[in-house]
Number of protein chains: 4
Amino acid sequence: MHSRTSAPRATGGRPRSATADAAILAATRAALVEVGWSKLTLGDVATRAGVAKTTLYRRWAGKNELVVDAVAALFDELELPDRGSLAADIEGVVLQFAAILARPEAKSGLMAVVAESIHDDALRDRIRASIVERQKLLVLEGRARAQQRGELPEESDPEAASRTADLIFDVIAGAVVHRALVSAEPVDTDWTRSFTRLLLNGLTASATA
Amino acid sequence: MHSRTSAPRATGGRPRSATADAAILAATRAALVEVGWSKLTLGDVATRAGVAKTTLYRRWAGKNELVVDAVAALFDELELPDRGSLAADIEGVVLQFAAILARPEAKSGLMAVVAESIHDDALRDRIRASIVERQKLLVLEGRARAQQRGELPEESDPEAASRTADLIFDVIAGAVVHRALVSAEPVDTDWTRSFTRLLLNGLTASATA
Amino acid sequence: MHSRTSAPRATGGRPRSATADAAILAATRAALVEVGWSKLTLGDVATRAGVAKTTLYRRWAGKNELVVDAVAALFDELELPDRGSLAADIEGVVLQFAAILARPEAKSGLMAVVAESIHDDALRDRIRASIVERQKLLVLEGRARAQQRGELPEESDPEAASRTADLIFDVIAGAVVHRALVSAEPVDTDWTRSFTRLLLNGLTASATA
Amino acid sequence: MHSRTSAPRATGGRPRSATADAAILAATRAALVEVGWSKLTLGDVATRAGVAKTTLYRRWAGKNELVVDAVAALFDELELPDRGSLAADIEGVVLQFAAILARPEAKSGLMAVVAESIHDDALRDRIRASIVERQKLLVLEGRARAQQRGELPEESDPEAASRTADLIFDVIAGAVVHRALVSAEPVDTDWTRSFTRLLLNGLTASATA
DNA sequence: AAATAACCGAGACGGTACGTCATGTCTTGTA
DNA sequence: TACAAGACATGACGTACCGTCTCGGTTATTT
């Protein structure tokens, strides 16, 4: 599902323990909750998972890669249920996103790996593939659904459409993350409704402008 | 200017070197550029600054506090020049903000200390005091100026006004940071204009709604 | 041979390097010669031995324990060859003892660890077990041999015999150490002959008194 | 009385505090008792003495010199009261010497500075001048007194006399120190009487041989 | 069934950085 | 000029983690 270090599976030999992966990722999340990213050590994760350090290093290249995978799993539950209107869809996905960000393992891990990714291109690609792109798909899916409903016009220029989707994605994800992690204020229904109204008004007014 | 760890001075004894502070903060920024946050070591910063490690620990409690102060200084240059219209003011401040975020010492340091602040309340307060609140003031200043110009109505309910300012701040700061650091795309004039139009349309439409 | 800090081995895991011990002790003696006890650093010893500092601390609790073991090995060569008479035996062992004390690694280390042992009971026991008791055995062996030769009478009271042996040991070891390290004069054959005559005359006269 | 770092007493300016010297030496002895030589720090001594570190360094070159002076003062009380016979004189001085060595500040300090002196010629001279030579004078004084009493013959060869005195000094001081510090057994009247008998028998028998 | 090959736990290994401590020097203000 | 106070550069301390390695042993597949 989420990409690993590699798949050097030869032919013979004892296969890797299937349960070890899950135990390691769970232990990583538990450690993130308790000690945070900077004090998380791979030796401690291995001990928590009941696994040798070598087993861990055989599967992941280092702390960053491990944490990305551990955090990415949290975003698996993100989806876009049809709530009947674009506004309701946005509010729903914002609240889902915020619920994930409220979990301490997500808070600790996500920002840290993003920070690390600034100096590590491979890590940035890994984050993009396993976390960011999946979120962006929701934006595209929501727009398509809104266009089907007639809430949004069909876009003729595909490049402009892409740019707009990127903008909307940065606005939604950025505002929610900033509210949750920097301002450290709750993303509750009140805030979500205000934010959604601001965004939708901006979108429709811009579209007609 | 920005708060330090230690109490200022009791009496007696050799006073702390005034030049050391500046040298250390500059060395910290240089190290952030070259090696990034996670590989930055205080011993290396001390060497770069031509200062003993103890001198550094006498002034800052640790890596996080030091980096906050080093990065905070970058935001000293943020201001809100009057460009004649709310749209121009927003565009101006967004581009200024983006220019700071484009500097590698800001990129490396900012996200990392925000990530650390999740498990460290004192650090969060330090970030808020020396970075976040100063940014938020620009939002308040811009709104006041727009109200003087008649571009925005006076708000009667002060609490609602505060909530709206918070929302706008999270949207602006969040979107710019997300674009610059997560999406890793340039915050150029095109993007800034699109974003500003979206925001202003959302604001005015919401206000009349 | 001489006792170490750690318990030998539980099970599992990579075994401790056998060569590392010898390399560390040799490096310790080399460092004692070059820089003396007070300027000897464990980091330097590790470097000289081509070993990590952690490897050193895994085996010894600190500088004192390490130096005791390093110096104790020097006394392994002390023995009591049969030279035909009590006088010749004493002269032989005194010269052997003095030859060891003349080596700079012994000079530097021995007095220092004895000084440290005054505030460290465990260290005192370690010194006693690995250095002092072995020397005292030579006294007992020499007396037994002299009694076989008829040079000394058999002692009837075992407790008095033990007290006398302790006295002789303190006189021999004390005089040689004081001459070599405090007075800093050579323990040559002249001195050794004079000392042995004094001691033997004292012994035989005392025994008949 | 005991030599200091130097006597750079210029003409003008505030004179050195006379009480500071005594306070520092007393604080040094107190620290020796509590923490031993290796953990004694000059900063701690200064604090105990209610004195600034600079004041301490103005008077002594370092830890070793300070400890020598602090310990040397303990030996000021050593003297050779006339007890009527050589045996009684020796027993008396041995017990006096042992009483000083039983004090923890002497134990901790004396051996340590002797150990240091092996790599520091200036320190050896200082120890010799302020401690060792004074002890050796007692041997010479005791011999002269015994010769006056007719217990020992007058020596014709002055060089041989000097060698014998050195030997006796090393035997007495060495045996007592070894018994007290290495064997860590009490130097009580029983031991002292046995030792004195051994020594005197050896001396008189050797002299007639 | 035996051989092979990759897995597993445990833990020692060479490194690097940590944050603290002591050294001996210096720079203040006060006496 | 001495003094108390305390900041300073230097360098060792003992600890923690890193990522690698070497053990003895354990499953699987492949002969």
Side-chain angles (χ1 to χ4, degrees), chain A residues 8-17 20 39-47 50-63, chain B residues 6 9-18 20 39-44 46-47 49-59 61-63, chain C residues 6 9-18 20 38-44 46-47 49-63, chain D residues 8-17 20 38-47 49-63:
Chain A
R9 301 306 347 279
T11 159
R14 174 175 174 177
R16 288 186 180 163
S17 163
K39 295 190 177 175
L40 180 148
T41 72
L42 295 195
D44 179 44
V45 169
T47 302
V51 143
K53 245 192 326 173
T54 33
T55 300
L56 206 153
Y57 277 104
R58 210 174 284 121
R59 291 165 155 86
W60 285 277
K63 184 163 150 174
Chain B
S6 60
R9 287 303 320 291
T11 175
R14 176 175 172 174
R16 289 189 178 167
S17 162
K39 295 189 177 177
L40 181 148
T41 71
L42 296 196
D44 179 46
T47 302
V51 143
K53 229 181 358 162
T54 41
T55 298
L56 208 152
Y57 279 105
R58 207 174 287 121
R59 291 165 155 83
K63 185 164 150 174
Chain C
S6 59
R9 287 298 321 289
T11 178
R14 178 175 172 174
R16 288 190 179 168
S17 164
S38 67
K39 295 189 177 175
L40 181 150
T41 72
L42 296 196
D44 178 46
T47 303
V51 143
K53 229 181 358 164
T54 41
T55 298
L56 207 154
Y57 278 104
R58 208 175 286 119
R59 291 166 155 84
W60 286 277
K63 185 163 150 175
Chain D
R9 303 306 347 279
T11 161
R14 173 173 172 177
R16 286 186 181 166
S17 162
S38 67
K39 296 191 177 175
L40 179 149
T41 71
L42 295 194
D44 178 46
V45 169
T47 303
V51 143
K53 250 195 317 178
T54 33
T55 299
L56 206 154
Y57 277 103
R58 212 174 284 122
R59 291 166 155 85
W60 286 277
K63 183 164 151 174

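Bear in mind that the values here come from a model prediction, so they are computed numbers and not experimental data. Lettering follows sequence order; numbering is per chain, from 1.
Out of dG14(E), dC8(F), dG9(E), the shortest distance to the side chain of Arg59(B) is found at dC8(F). The listed nucleotides are dT23(E), dC13(F), dC3(F); the one nearest the side chain of Tyr57(C) is dC13(F). Checking dC8(E), dG14(E), dC8(F) against the side-chain heavy atoms of Thr55(B) singles out dC8(F) as nearest. Comparing atom distances between the Leu42(B) side chain and each of dG19(E), dC8(E), dC8(F) picks out dG19(E) as nearest. Considering only the side chain of Arg14(A), dA6(E) comes nearest among dA6(E), dC21(F), dG9(E).
Following rounding to the nearest Å, Trp60(A) (CH2) and dT20(F) (P) show an atom-to-atom distance of 16 Å. When the C1' atom of dA16(F) is taken as reference, atom NZ of Lys63(B) falls 15 Å away, rounded to whole Å. The interatomic distance linking Arg58(D) (CZ) with dA4(F) (C1') rounds to 10 Å, in whole Å. Taking atom NZ of Lys39(C) as the reference point, atom C1' of dA22(E) lies 15 Å away to the nearest angstrom.
Summary of the strand contacts: Ala52(B) and Asp44(C) both lie near DNA chain F, and taking for each the nucleotide with the nearest heavy atom, the more 5' one is attributed to Ala52(B). Between Val51(D) and Ala20(B), the residue anchored nearer the 5' end of DNA chain F, judged by the nucleotide with its closest heavy atom, is Val51(D). Taking the nucleotide of DNA chain E with the nearest heavy atom to each of Thr54(A) and Thr41(B), the more 5' of the two is matched to Thr54(A).
To the nearest 0.5 Å, atom OG of residue Ser17(B) and atom CZ of residue Arg59(B) are 6.0 Å apart. Taking NZ from Lys53(D) and CG from Asp44(D), the interatomic distance works out to 11.5 Å, rounded to the nearest 0.5 Å.
Nearest heavy atom pair, residue Val51(A) against residue Ala20(A), reads CG2-CB, 4.3 Å.
Note on Gly50(A): only backbone sugar-phosphate atoms sit closer than 4.0 angstrom, heavy atoms only; bases stay farther off.
Looking at Lys53(C), its side chain comes within 3.5 Å of the base of dG14(F) through a donor and an acceptor atom.
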